[in-house]
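Written out below as structure tokens is the structure these notes cover.
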Amino acid sequence: MQAAKPLFDYPKYWAECFGPAPFLPMSREEMDQLGWDSCDIIIVTGDAYVDHPSFGMAIIGRLLESQGFRVGIIAQPNWQSKDDFMKLGEPNLFFGVAAGNMDSMINRYTADKKVRSDDAYTPGGQAGSRPDRASLVYSQRCKEAYKHVPIVLGGIEASLRRIAHYDYWQDKVRHSILIDACADILLYGNAERAIVEVAQRLSYGQKVEDITDVRGTAFIRRDTPKDWYEVDSTRIDRPGKIDKIINPYVNTQDTQACAIEQEKGPVEDPNEAKVVQILASPRMTRDKTVIRLPSYEKVRSDAVLYAHANRVLHLETNPGNARALVQRHGEADVWFNPPPIPMTTEEMDYVFGMPYARVPHPAYGKAKIPAYDMIRFSVNIMRGCFGGCTFCSITEHEGRIIQNRSEESIIREIEEIRDKVPGFTGVISDLGGPTANMYRIACKSPEIESACRKPSCVFPGICPNLNTDHSSLIQLYRSARALPGVKKILIASGLRYDLAVESPEYVKELVTHHVGGYLKIAPEHTEEGPLNQMMKPGIGSYDKFKRMFEKYSKEAGKEQYLIPYFIAAHPGTTDEDMMNLALWLKGNGFRADQVQAFYPSPMASATAMYHSGKNPLRKVTYKSDSVTIVKSEEQRRLHKAFLRYHDPKGWPMLREALVRMGRADLIGPGKDQLIPLHQPATDSYQSARRKNSTPAGSHKVAATTKILTQHSGLPQRGSDGSKPWDKREEAKAAAQARNKEAAKARHDASKPAKGKKKPTRQPVLPR
């Protein structure tokens, strides 16, 4: 893979003399206190400003500050007018616009398209502080405020909408967001390299429209440069073999003569001079090759072509071999340069070592920002994910090559949390990243890694070229928990359990020291059909991890629980698949309180399946096999009802579905049956979201069975809030006492009253 200029090797901009600010300013008063007359760069974001490396605007702002630029923040502006976008004045170089840490539509709407009642990235958790399609709206307001100031679009919303994409909320294919936002350039993925390069060039006086060679960027151009080789990938079905034209004077009834004519090639004049044309090989000039995707107009009207374009895009994501892409939008081309070169460990340490305040901006006062409360004691140790799950956007955004921090940098951040962050009690809430156990795991060969085009390193099985050694992570855990003042290091990030079982030593370390009573993992399903479309391992890998988890928990003398998460209504899922999953859940004593339905996020491969009914993991043609899609609201509700088989509200729907599926045998009171035959007189079910307990009832599992909920991950608590494993003997004794009293009462009731004879039982005569 080609080398890139290190982030810390650029010359500093002249404003470096001002030094780092305690917080990036959000008002003119703060700018005055810092001695600034203007900002060089202003970042507009849909999130509240938290100066913490888990928030994108803080990372980009502090990185640009380290380059010597004066950076201001406009957080969650009032988008109804341009006034809020002018409160810091005109930036000298550009506006940097991002919707925030989440896509603004996913942030506001649930998978059922219902408006959420809260926003975790807003003070007080209040909803409605950002517009729908925030990147687009903010960009247009910035242009309205200062028309000639360049707009640099970034963040995950821009990253996943950089190409013509299916929009779940409008149920149609939309333009590249670069077109709709009227921005000048778009940065996708982890944009540290691109933003520094763009900022440096603009500071030298270069025009933004002339910046066309930076990796990880998208921009608009009118035509393909002359020195580029263009590969046409706008069609999927090629015409078959065409027969040669037969001499019209040959008797077509004479098959032998026709065969002779067909065998004849074109007649050439041996005396005629011929021009030899040597074409450049695309293999030899890969860095000058661009693939032309089907145009926006074509993918908008042809869902199969959309799936094809999605497949080509995902095949060109490896920074070691990716080629540029181009897609026509009307009269203009949107050009996508190859992805950025991953950051080295030294660069990761540089980015995470900035002088972050690690708290929200003082302007918010005592208002709570839920997202900050969740991550303020957590540490990000790496970036990227090579899992390639089709419903997830991590790989599309961060790439599948893992970018690691050094152990020294991570330990330094833990010490900083211990010493500076208010409210620290000695517990680090997470030591992870997109996937907790991919730290320092990579391909055994850099040459193979740079040439590989597989979408996943662990599906359908773990690649033999993948180094699965967890020793660096084990050592990191041991060093972190040995720090003075640190009582506990928890692992809350998602765990790739099929990778973890390759290192029993890691599983033992994790289970013995870093599980806080329960561990959440995501097998997502039990059936092969949906798992293949998700690119997830079979349930056998989960069973293997579960056995190891229970073994090491027992050896450590701890009672801990493994909580699996599942997805309903994913492409490739049938009603029978969900029924089998519900039976597995009941057989294993799980009751899912929080149900996750498939959410078609922009640009994900599973979203292409949802929209087109085709599988972009294989070659897409009009005749290729279709994928089962769950689109109707009724069927999505049914699939969620199967996941919540224990909720009486869903039983009428499930009874009807089971009868329709020919599985009425699963309706009844038996242990192997799924739901009761009759609806309870009153709906006594209460969600664990409101109370972490499951009321007893005729339709519930016996009290001796451990029932785990996805909400808490722990067995239901008693009415006094006590944990059952803390009072097991007491509960057992109480049950025995109740049984003894009941037996005595039955015995006393059977005795005749004093002075009365016991009635004689009359025989029952047959009719």
Any donor-acceptor N or O pair under 3.5 Å, side chains [X], [Y]:
X    : Y    : result
Q475 : S472 : no
E413 : S409 : no
E90  : H148 : yes
N310 : H314 : yes
R161 : H175 : no
D40  : N92  : yes
E396 : T317 : no
Y109 : D132 : yes
D51  : Y49  : yes

Please evaluate residues R108 and D103 with respect to the criterion salt bridge (Lys or Arg N to Asp or Glu O under 4.0 Å), reporting the C-alpha separation (whole Å), side-chain torsions for both, the decisive distance (0.1 Å), and the verdict.
CA-CA 9 Å; R108 189 178 183 201; D103 183 281; over 6 Å; no

To the closest 0.5 Å, what do you measure between [atom1] ([X]) and [atom2] ([Y])?
X    : Y    : atom1 : atom2 : result
I428 : I417 : CD1   : CD1   : 4.5 Å
E65  : L24  : CD    : CG    : 5.5 Å
S159 : I163 : OG    : CD1   : 11.5 Å
R70  : M31  : CZ    : CE    : 7.5 Å
Q140 : I151 : CD    : CD1   : 10.5 Å
Y138 : F95  : OH    : CZ    : 13.0 Å

So do [Y] and [X] actually touch side chain to side chain, heavy atoms under 4.5 Å?
X    : Y    : answer
F391 : P600 : no
L187 : L153 : no
L490 : H514 : no
T224 : W335 : yes
N107 : R130 : yes
Q403 : T344 : no
V486 : I414 : yes
C142 : V149 : no

Is a salt bridge present between K82 and E144, judged by a nitrogen-to-oxygen distance below 4.0 Å?
no

Does [X] use its side chain to pair, donor to acceptor, with the backbone of [Y] at less than 3.5 Å?
X    : Y    : answer
D430 : S493 : yes
T122 : S129 : no
Y439 : R405 : yes
D119 : Y121 : yes
K113 : Y168 : yes
R62  : F352 : no
R215 : P339 : yes
Q67  : Q200 : no
D333 : D223 : no
R116 : I106 : yes

May I ask you to establish whether R141 and W79 are in a cation-pi arrangement, using a distance under 6.0 Å from NZ or CZ to the six-membered ring centre and at most 45° from the ring axis?
no

Is the positively charged end of R162 above the ring of Y188, judged by distance under 6.0 angstrom from the centroid and angle within 45° of the axis?
yes

Pair T45, Q76 - check side-chain hydrogen bond (donor to acceptor under 3.5 Å, both in side chains), show working.
CA-CA 6 Å; T45 175; Q76 298 186 319; over 6 Å; no

Taking all atoms of both residues into account, what is the closest heavy-atom pair of [X] and [Y], and its distance?
X    : Y    : answer
Y372 : V359 : OH-CG1, 3.5 Å
G56  : N101 : N-OD1, 3.1 Å
N404 : M438 : OD1-O, 4.3 Å
R328 : R222 : NH1-O, 3.5 Å
S176 : V334 : OG-CG1, 4.1 Å
L178 : D184 : CD1-C, 4.4 Å

The residue among T435, I401, I402 that forms side-chain contact (heavy atoms from CB on, under 4.5 Å) with F386 is I402

Side-chain donor-acceptor contacts of residues 6-19 below 3.5 Å, not counting sequence neighbours, with atom names and distances?
residue, atom, partner, partner atom, Å
Y10, OH, E197, OE1, 2.5
K12, NZ, S66, O, 2.8

Would R133 and E157 count as a salt bridge (Lys or Arg N to Asp or Glu O under 4.0 Å) here? Give the steps.
CA-CA 8 Å; R133 312 184 201 287; E157 179 168 279; over 6 Å; no

CA sep, side-chain torsions, deciding dist, call: R383, E192, salt bridge (Lys or Arg N to Asp or Glu O under 4.0 Å)
CA-CA 13 Å; R383 283 185 186 168; E192 284 90 349; 2.7 Å; yes

K87 NZ: over 12 foreign heavy atoms closer than 6.0 Å
yes

Tell me if the NZ atom of K420 is crowded by more than 12 foreign heavy atoms within 6.0 Å.
no

Please name all residues satisfying salt bridge (Lys or Arg N to Asp or Glu O under 4.0 Å) with E398, sequence neighbours left out, ordered by chain then number.
none

Can the ring centres of Y356 and H52 be said to be less than 6.0 Å apart?
no

